[in-house]
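Before any comments, here is the structure.
All chains are named by letter (A, B, ...) in the order of the sequence lines, taking the proteins before the strands, and each is independently numbered beginning at 1.
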Amino acid sequence: MSALNNGISDNHSYFELFGLSPQFNLDLAKLETNYRSIQSASHPDRFVTALLSEKLRSMQTATLANEAYQALKNPAHRAKYLLALQGIEVAAETNTAMPADFLMQQMEWREAIDDAKQSKNIDALDALLAEMQQEARSLQATLIDLIDVKKNLPLAVDATRKLIFIDKVCVDINKIIEHLDA
Amino acid sequence: MALLQISEPGQSAAPHQHKLAVGIDLGTTNSLVATVRSGMSSVLIDDNGHALLPSVVRYLEDGYVEVGYEAQAAQSIDPANTIISAKRFMGRSLAEIDVSTQPYHFVETPSSSEKMVQIQTRSGVKSAVEISAEILKSLKKRAEKSLGGDLVGAVITVPAYFDEAQRQATKDAARLAGLNVLRLLNEPTAAAVAYGLDNGVEGTYVIYDLGGGTFDVSILKLSRGVFEVLSTNGDSALGGDDFDRRIFCWVLEQSNCKPLNVNDTRLILTKAREAKEWLTDHANAQITSVLSTGEVIDLTLSAKKFNELTQTLVVKTLNPTKKALRDAGLTINDIKGVVMVGGATRMPQIRLAVADFFKQTPLTNLDPDKLVALGAAIQANTLAGNKSDADLLLLDVIPLSLGLETMGGLVEKVIPRNSTLPIARAQEFTTFKDGQTAMSIHVLQGERELVTDCRSLAKFELRGIPPMVAGSARIRVTFTVDADGLLSVSAREMTTNIEANVVVKPSYGLSEEQILIMLQSSFVAAKTDKQARALAEAKVEATSLILAIEAALQQDSALLTPSESEAILASLTSLQSLSNGQDSHAIHQATEALNAVTETFAAKRMDASVSHALTGKDVAKLDL
């Protein structure tokens with residue numbers, strides 16, 4: 001995934017880059033502090049008058065830190081990345097098979113979103129967003145259990161795909177709200 | 001360029017002299033230049049004590065150019081050659097701007113819809129880049145006179161919502177003005193730095209920046225010297241000018257006068273601006289004027305009427321504000337303060353609308369005209385290496401998403417808006433037909449789904465794809481956006497490793513040749529010996545490299561193996577002896593060789609400083 005090579009990025013996971021142990025239940029405050037420390041040391045602003053080789057290295061490291069930070073900060077991306085480290089590709093884009101009850105839930109959400117969109121009901125959309133975020137939180141709790149505690153990776157893959165799906169729907173809802181708001 | 005000082009070998013290689021660096025706010029209506037002296041940032045004034053330089057350029061006979069107040073004074077008598085608000089034309093084509101109230105002779109050619117706006121003046125055809133360069137030159141001169149020396153470089157601010165083409169145009173203008181651009185900095189981020197440092201605040205702040213021609217809103221998290229932009233939004237064609245135009249239209253309507261000629265148009269626009277400013281502290285403004293036709297205009301505009309006329313403009317700033325909040329995942333309850341930036345935020349209706357939206361009184365304790373320049377000066381000072389405690393760190397974002405055209409005229413987003421810079425993203429594409437050997441890549445910027453609704457940045461072709469069955473070639477396109485917010489793109493066919501590298505020169509930008517021609521023609525001494533120039537430049541480059549490496553070696557030579565150290569020293573010695581000679585080509589090659597041989601060293605130094613940042617331990621010293 002990374003276009004970078006050599007040095008820090010070689011054979012180091014995103015977790016190692018930030019000095020954190022690879023787990024789903026991540027200390028987000030520490031992630032943020034360490035991200036800022038790495039940016040403080042590597043950001044191109046620090047190398048405006050430096051050697052060309054150092055400028056390039058700075059660009060690569062700061063880019064990697066941004067990429068890694070985004071991947072770990074977002075729970076769905078973090079779960080996907082943790083599973084990838086175990087050699088499991090979640091591939092949510094191509095594999096959309098979901099358990100029947102979740103499919104039902106999906107259809108209900110989609111219908112509710114469509115209704116709210118048709119009636120230009122921003123409050124209803126906001127309520128749906130809150131509901132999805134609640135669902136996301138409970139999935140995250142499940143993922144802590146499945147990945148960090150039980151190490152049940154096949155079930156973790158299912159939960160991760162649900163979480164990715166919810167993220168996507170939230171983005172869609174936000175787009176609709178933005179559109180209605182304008 | 002100032003001569004660099006070279007110390008005795010072995011002694012301190014990095015002389016700690018104060019480097020002259022400035023921050024420039026290149027505004028639509030006014031521009032400013034500021035610097036940091038003895039730890040204090042201040043705006044530099046001209047001989048008449050003015051801090052602001054009106055962003056007005058007048059072309060006179062014999063190639064003479066007036067910039068600022070003189071030019072502004074002539075705008076009603078010589079409107080066609082006196083360019084105001086050139087910033088609105090930066091990176092824009094004729095088709096994209098409203099020419100109805102503009103008095104200029106725009107150059108229209110069959111291809112003018114694909115080119116940046118050009119204006120016919122008595123000194124020839126001028127683009128917005130050249131006009132802006134005149135403003136920058138004037139500020140550069142002011143700074144060099146005031147500071148007593150040549151500038152090492154400048155930080156130039158741009159609206160956060162400027163796209164790639166507008167940023168590139170700004171950088172080109174600086175180059176034409178002979179300025180070394182240390183960084184393009186987003187205006188609201190600059191303002192946040194000035195405000196945040198001055199008031200020592202921490203937390204989440206909104207910067208509401210309504211300038212003469214652009215509107216930006218940025219949300220930043222301020223914490224111990226780190227200014228992290230969470231989201232930004234705006235309208236790069238909305239500003240105080242539009243409020244003037246509303247008054248202008250109202251005047252025409254009220255006075256029932258015939259369509260105005262260009263001189264009268266300028267005259268009434270100026271009156272409109274004065275009325276707008278007057279209404280900031282008064283209930284009524286008198287607009288009186290005698291037109292060239294002899295018609296007399298005598299109207300009273302009440303603040304109430306002015307609010308009515310401009311209500312939709314005020315609302316237009318709130319939509320981007322809502323979007324920025326949404327993108328940051330925040331509500332108004334998370335916002336600790338709203339900092340007002342830009343002269344147009346002096347209008348009471350703006351302050352009221354912002355207070356009403358955020359349910360808090362906006363912060364107006366610092367001069368909204370100067371915040372941006374002051375913040376840029378602080379950043380310039382840090383970038384030039386003057387500040388020893390490197391506490392200040394700005395993490396900025398890309399304002400608009402970047403994407404590629406896919407089948408059916410759709411845009412596939414590759415980098416979403418509000419991603420922290422620098423950023424690199426790769427995306428793989430495949431062929432559509434059997435045996436397809438070429439693929440054209442179309443890079444776009446914007447939020448909409450259709451190609452036609454986004455801004456086209458560049459098109460290039462990747463050729464030499466080996467003929468394969470449709471869908472089996474793998475073309476990986478990598479976007480890299482640097483800390484200036486400027487994009488470069490490379491594409492590679494993964495099975496054959498064929499690579500196409502592209503520097504994105506926006507369709508609306510100037511070509512490299514055009515810039516070179518402009519640069520050459522702007523040198524008074526046209527016969528400057530090219531070779532002498534090349535030699536001088538090569539020597540300056542070599543000297544600064546030697547200094548930087550000596551400093552790096554002094555700090556971190558412990559990181560090197562004996563053979564690495566030997567290789568660097570050998571290259572260094574070779575460059576040192578060559579740089580005393582006269583062969584610019586040889587110096588250049590030796591400089592490149594030295595740069596190349598330090599790659600591992602640079603990598604090791606970066607690793608060491610990152611782990612030092614994380615653990616507080618010095619890896620270099622631990623290894624000993």
Side-chain angles (χ1 to χ4, degrees), chain A residues 1-10 12 16-20 30 32-67 69-70 73 122 126 129 133 170-171 173-175 177-179 181-182, chain B residues 19 152-153 182-183 223-226 228 319 322-323 326-327 379 382-385 390-395 419-426 447 476 478 480 482-484 490 544-545 548-549 552 591-592 594-607 609-615:
Chain A
M1 167 136 184
S2 162
L4 312 163
N5 45 41
N6 301 325
I8 290 168
S9 57
D10 256 11
H12 283 67
E16 285 170 297
L17 174 65
F18 293 115
L20 299 164
K30 197 164 177 209
E32 186 180 331
T33 311
N34 290 359
Y35 162 71
R36 287 174 168 224
S37 299
I38 291 180
Q39 282 295 6
S40 286
S42 70
H43 195 275
D45 281 0
R46 297 275 185 265
F47 297 88
V48 169
T49 54
L51 304 176
L52 189 65
S53 50
E54 291 190 309
K55 283 186 187 177
L56 287 174
R57 175 58 52 177
S58 145
M59 176 80 185
Q60 288 173 346
T61 309
T63 301
L64 175 70
N66 280 332
E67 183 182 317
Y69 182 53
Q70 290 310 321
K73 199 169 72 168
I122 293 182
D126 271 327
L129 261 186
Q133 276 152 3
C170 286
V171 169
I173 297 179
N174 271 316
K175 260 192 204 158
I177 294 177
E178 195 174 285
H179 192 73
D181 238 1
Chain B
K19 300 192 189 87
V152 171
L182 298 169
R183 181 73 75 232
S223 150
R224 280 168 295 157
V226 182
E228 185 180 355
N319 284 329
K322 284 182 202 164
K323 284 186 192 170
R326 235 171 229 296
D327 280 354
Q379 171 76 335
T382 311
L383 295 184
D391 271 330
L392 179 68
L393 179 68
L394 314 186
L395 298 172
S419 300
T420 308
L421 300 177
I423 187 167
R425 267 299 153 80
E447 307 311 318
R476 188 185 178 90
T478 307
T480 309
D482 66 17
D484 287 325
S490 65
S544 67
L545 180 64
I549 289 184
T591 303
E592 282 189 354
L594 183 53
N595 255 318
V597 83
T598 57
E599 268 172 34
T600 322
F601 189 32
K604 285 186 173 181
R605 270 164 61 83
M606 180 59 78
D607 285 5
S609 90
V610 164
S611 47
H612 176 71
L614 281 183
T615 59

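With sequence neighbours left out, the ring pair (Phe, Tyr, Trp, His ring centres under 6.0 Å) criterion links A:Phe47 to no other residue.
Residues A:Thr63 and B:Ala424 share a closest heavy-atom pair of CG2-N, 3.2 Å. Of all the heavy atoms in A:Thr49 and B:Ala384, the pair that sits closest is CG2-O, 4.3 Å.
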Checklist entry - Do B:Ser609 and A:Arg46 pass the side-chain contact (heavy atoms from CB on, under 4.5 Å) test, and can you show the C-alpha distance, the side-chain angles, and the key distance before you say yes or no? => result CA-CA 12 Å; B:Ser609 90; A:Arg46 297 275 185 265; over 6 Å; no
Item to check | Stepwise salt bridge (Lys or Arg N to Asp or Glu O under 4.0 Å) test for A:Glu178 and B:Arg326 | outcome: CA-CA 8 Å; A:Glu178 195 174 285; B:Arg326 235 171 229 296; over 6 Å; no
Item to check | Residue pair A:Asp45, B:Thr382: steps toward the side-chain contact (heavy atoms from CB on, under 4.5 Å) verdict | outcome: CA-CA 8 Å; A:Asp45 281 0; B:Thr382 311; over 6 Å; no
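Here the NE2 atom belonging to B:His612 is positioned 10.0 Å from the OG atom belonging to A:Ser37, to the nearest 0.5 angstrom. B:Lys323 contributes atom NZ, which lies 12.5 Å from atom CG of A:Asn174 (distance to the nearest 0.5 angstrom). Distance CD/A:Glu16 to CG/B:Leu614: 12.0 Å, rounded to 0.5 Å. Taken from CD in A:Glu67 to OG1 in B:Thr420, the straight-line distance is 12.5 Å, to the nearest 0.5 Å. Atom CE of B:Met606 is separated from atom OG of A:Ser53 by 10.0 Å, given to the nearest 0.5 angstrom.
Note on B:Leu395, B:Leu545, B:Asp327: by heavy-atom pairs under 4.5 Å with chain A, the leading option is B:Leu395. Your options are B:Ser419, B:Ala483, B:Ser223, B:Ala552, and the one with the most heavy-atom pairs under 4.5 Å with chain A is B:Ser223. Listed options B:Lys604, B:Glu447, B:Arg224, B:Arg605 were ranked by heavy-atom pairs under 4.5 angstrom with chain A; first place goes to B:Arg605.
Contacts of A:Leu129 with chain B are made by side-chain atoms alone, with heavy-atom separations under 4.5 Å and no backbone atom involved. Interface remark: A:Gln133 contributes no atoms to any contact with chain B (heavy atom separation under 4.5 Å). Using a 4.5 Å cut-off between heavy atoms, B:Leu383 touches chain A through backbone and side chain atoms alike. A:Lys175 touches chain B through its side chain: at least one heavy atom from C-beta onward sits under 4.5 Å away, while N, CA, C and O do not. Residue A:Ser58 touches chain B through both its backbone and its side chain, counting heavy-atom pairs closer than 4.5 Å. Looking at A:Asn66, only its side chain comes within 4.5 Å of chain B, counting heavy atoms on both sides. For B:Leu594, no part lies under 4.5 angstrom from a heavy atom of chain A.
For the pair A:His43/B:Pro422, a side-chain contact is recorded, criterion being any heavy-atom separation below 4.5 Å from C-beta on.
Checked against B:Val226 for a side chain to side chain contact (heavy atoms under 4.5 Å, CB included), the options A:Arg36, A:Gln39, A:Glu32 give a single hit: A:Arg36.
Inspection of non-hydrogen atoms places B:Asn595, B:Thr598, B:Glu599, B:Ala602 of residues 595-602 of chain B under 4.5 Å from chain A.
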